[in-house]
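One structure is given below, encoded as structure tokens.
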Amino acid sequence: MGVVVVQLGQGGNQMGYALFRCLASASDSFPDQFFRSSDKKGKTKARAVLIDMEPKVIHGIIGRAKSAPAQNNRAVWTYDARGVVTGDSGSGNNWACGYYDHGPYNLNSMLKAVRTEVEQCDVFGGFIILQSMAGGTGAGLGAYLVEALKDEFPSSFILCYCIWPYESGEVIVQNYNVVLTLSHLQSFADGIIILQNEQLSTICRTLLSIQRPSFDDLNELAVQGLGCILLPSYWRAIETSTRPVSRAASKGGSESKLSNENSGQSRVRILSDLLSSLCFHPGYKVLTLRFTPQVPAQSLAFTNFTWDAQLKYLRQMFITGAHKELEMDWNIQLPRSAVHDNKQGMLSPAVPCLVNRSVASLLILRGNESEYVDVSGFADDRLYPIWQVDPLSVASSSSMYGRYELATCLISNCQSSVLPASRALTKGYNMLASRAYLHQYFEHGMEHASFDSAFASIEDIVCRYSTL
């Protein structure tokens, strides 16, 4: 089953290159979901479409992909030139320029490149969209393309992997851009994973001992959790067992999954299984990734990896809504009762320290004996709304993940996912009230009603999560 990765804008293309490097180096062979068979020259092609309104970044990563094997002896792969769409001028961080100008003008060439890649899949599994939410191409053009893809491929799954800008500000109009982008993705994408630049930089400095992280450092960290989810894994039971147990019966039947003949487990299908288990309700689509461990390369030889320690830290990160170990407050504990007080959610400003609640979660374990680890603590009823009957799905793989002997990744549809949106909404309203920079959007054909609709949509999202 093939999955097509669409890389949008400067940030999306750089992150896409890091993702394919991660997938190629973290497994013994090329995952056929993301790479297709070698051409006549012995090159394996990434299932990718590269789109940017300025050609410089795309030409740069294509050159890096071609020269990488000779530099570091990694597996040989490259991009297909038919999957490249570029323009002559960028969007100038203007969401309206990307959405109303570049989107319609380049629609046919973008869809042609996408169809060419989709036709290379024996069974098409959906799209992963990589984009930044602060600028014009990744955000504006990206929102337009997601709408077009949903119209062109209505039965296909679309997962958006979005980089959220620094809170201190990368672009003066970034609060407008993120609100507009998120509101459109909420309507047309099947799932939206938000990754914050602020968190990536802090993890690099505090946990990985990289005091001045480069773009490559940030992108490598950004795709670490995503790669852990996308590589092959197999359903297992939540409770500890002496034998791996298939979850096919509880997740749609054995006919809906690929069989693992050696272990009797059923293979997780990306993206259908992931999105159907996490984003089954159309009002809850915003996801967060948490990955452990985060260890500097020079410390790996001296690190003792254990499942108990990793799961203990990851569970407390989940409870508190933290994204790294140093943010955790060990004083925050689950309430005694599974019946929640909806007036006191994590998003309530009157109560600063409360439990992060989730609609659903998917836990993936990679490493030796991962199929036997007890993860019942992540299925605690107090972490989920009272109407949720099957909140946790668990998958595992006995293979080590890259340089880590043991690795865990938790992707959750939780309250902490929309905290950045809540803050951007407040700042955006302040700008909107003074009509700051609106003329830059209006000159490309955008109307004030589009702002009103987008802000109302984000308000609805934040309100919905606050009542979990």
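Under the side-chain hydrogen bond (donor to acceptor under 3.5 Å, both in side chains) criterion, Asn413 pairs with Tyr465, not counting sequence neighbours. With sequence neighbours left out, the salt bridge (charged side-chain N to carboxylate O under 4.0 Å, His left out) criterion links Asp32 to no other residue. Legend: residues meeting salt bridge (charged side-chain N to carboxylate O under 4.0 Å, His left out) with Arg82, ordered by chain and number and at least two apart, are Asp80. With sequence neighbours left out, the side-chain contact (heavy atoms from CB on, under 4.5 Å) criterion links Ser276 to no other residue. Applying the side-chain hydrogen bond (donor to acceptor under 3.5 Å, both in side chains) test to Glu443 and every residue at least two apart in sequence or in another chain returns nothing. Partners of Pro232 by side-chain contact (heavy atoms from CB on, under 4.5 Å), not counting sequence neighbours, listed by chain and number: Gln33, Arg267. Looking at residues two or more places apart in sequence or on another chain, you find a salt bridge (charged side-chain N to carboxylate O under 4.0 Å, His left out) between Lys427 and Glu167. In terms of the salt bridge (charged side-chain N to carboxylate O under 4.0 Å, His left out) criterion, residue partners of Arg464 (sequence neighbours excluded) are, by chain and number, Asp460. With sequence neighbours excluded, the residues that form a side-chain hydrogen bond (donor to acceptor under 3.5 Å, both in side chains) with Gln7 are Asn13, Tyr79. Partners of Glu117 according to the side-chain hydrogen bond (donor to acceptor under 3.5 Å, both in side chains) rule, which considers only residues two or more places apart in sequence or in another chain, are Arg36.
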(request) Applying side-chain contact (heavy atoms from CB on, under 4.5 Å), run through Val394 and Phe378 and close with a yes or a no. (result) CA-CA 10 Å; Val394 186; Phe378 290 87; over 6 Å; no

(request) Start with the C-alpha distance between Gln224 and Tyr404, add both sets of side-chain angles, then the distance that settles side-chain contact (heavy atoms from CB on, under 4.5 Å), and finish with yes or no. (result) CA-CA 11 Å; Gln224 199 171 53; Tyr404 295 118; 3.5 Å; yes

(request) For side-chain contact (heavy atoms from CB on, under 4.5 Å), just list the numbers for Ser358 and Leu468, CA-CA rounded to whole Å, side-chain angles, deciding distance to a tenth of an Å, and then say yes or no. (result) CA-CA 7 Å; Ser358 177; Leu468 286 178; over 6 Å; no

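Side-chain contact between Leu185 and Gln131 is present, with heavy atoms from C-beta onward closer than 4.5 Å. Taking 4.5 Å as the limit, some side-chain heavy atom of Trp77 sits within range of a side-chain heavy atom of Arg21. Counting heavy atoms from C-beta outward, Phe127 and Val146 have side chains that stay 4.5 Å or more apart. Counting heavy atoms from C-beta on, the side chains of His102 and Cys97 come closer than 4.5 Å. Counting only heavy atoms from C-beta outward, the side chains of Leu180 and Tyr99 never approach each other to under 4.5 Å. Within the 4.5 Å cutoff, the side chain of Arg290 has heavy atoms near those of the Ser416 side chain. In this structure, Asn197 and Leu200 have side chains that are in contact, with non-hydrogen atoms separated by less than 4.5 Å. For the pair Leu230/Pro31, no side-chain contact is recorded, criterion being any heavy-atom separation below 4.5 Å from C-beta on.
Summarising the local packing, CD of Glu152 is surrounded by more than 12 heavy atoms from other residues, nucleotides or ligands at distances under 6.0 Å. Summarising the local packing, OH of Tyr166 is surrounded by more than 12 heavy atoms from other residues, nucleotides or ligands at distances under 6.0 Å. Atom CZ of Phe280 sits in a crowded spot, with more than 12 heavy atoms from other residues, nucleotides or ligands closer than 6.0 Å.
The CZ atom of Phe291 sits 10.0 Å away from the CG atom of Leu314 when rounded to the nearest 0.5 Å. To the nearest 0.5 Å, atoms OH (Tyr144) and CG (Leu8) are separated by 13.5 Å. One distance of note links CZ of Arg366 with CD1 of Ile229; it measures 9.0 Å at 0.5 Å rounding. Taking CZ of Phe442 as the reference point, atom OH of Tyr100 lies at 10.0 Å (rounded to 0.5 Å). Note that CD1 of Ile210 is 10.5 Å distant from OG of Ser201, once rounded to the nearest 0.5 Å. Here Leu19 contributes atom CG and Tyr161 contributes atom OH; the two are 8.5 Å apart, rounded to the nearest 0.5 Å.
Judged purely by atom type and a 3.5 angstrom limit, Ser453 has no side-chain atom pairing as donor or acceptor with the backbone of Ala449. Formation of a donor-acceptor pair under 3.5 Å by the Ser422 side chain with backbone atoms of Leu419 is not found in this model. A distance-only check finds a donor-acceptor pair linking the side chain of Asn177 to the backbone of Asn93 [under 3.5 Å]. Although no hydrogens or angles enter the test, the distance criterion places a donor-acceptor pair under 3.5 Å between the side chain of Asn356 and the main chain of Gln415. Looking only at distances, a side-chain donor or acceptor of Ser370 sits under 3.5 Å from a matching main-chain atom of Ser397. In this structure a side-chain-to-backbone donor-acceptor pair under 3.5 Å is missing from Gln294 to Cys204. Side chain of Gln174 to backbone of Ala134: no donor-acceptor contact under 3.5 angstrom is found.
Of the N and O atoms on the side chains of Thr408 and Thr292, at least one donor lies less than 3.5 Å from an acceptor on the other residue. For Ser361 and Ser412, the side-chain atoms include no donor-acceptor pair closer than 3.5 Å.
Listed by first and then second residue, the salt bridge (charged side-chain N to carboxylate O under 4.0 Å, His left out) pairs involving residues 212-234 are Arg64-Asp216 (not counting sequence neighbours). Sorted by first and then second residue, the pairs that involve residues 180-193 and meet salt bridge (charged side-chain N to carboxylate O under 4.0 Å, His left out), not counting sequence neighbours, are Lys150-Asp190.
The one candidate from Leu182, Val418, Leu287, Ile461 that meets the side chain to side chain contact (heavy atoms under 4.5 Å, CB included) condition with Ile192 is Leu182. When each of Tyr429, Tyr437, Tyr441 is tested with Tyr176 by the rule ring-ring contact (aromatic ring centres under 6.0 Å, His included), just one qualifies, namely Tyr441.
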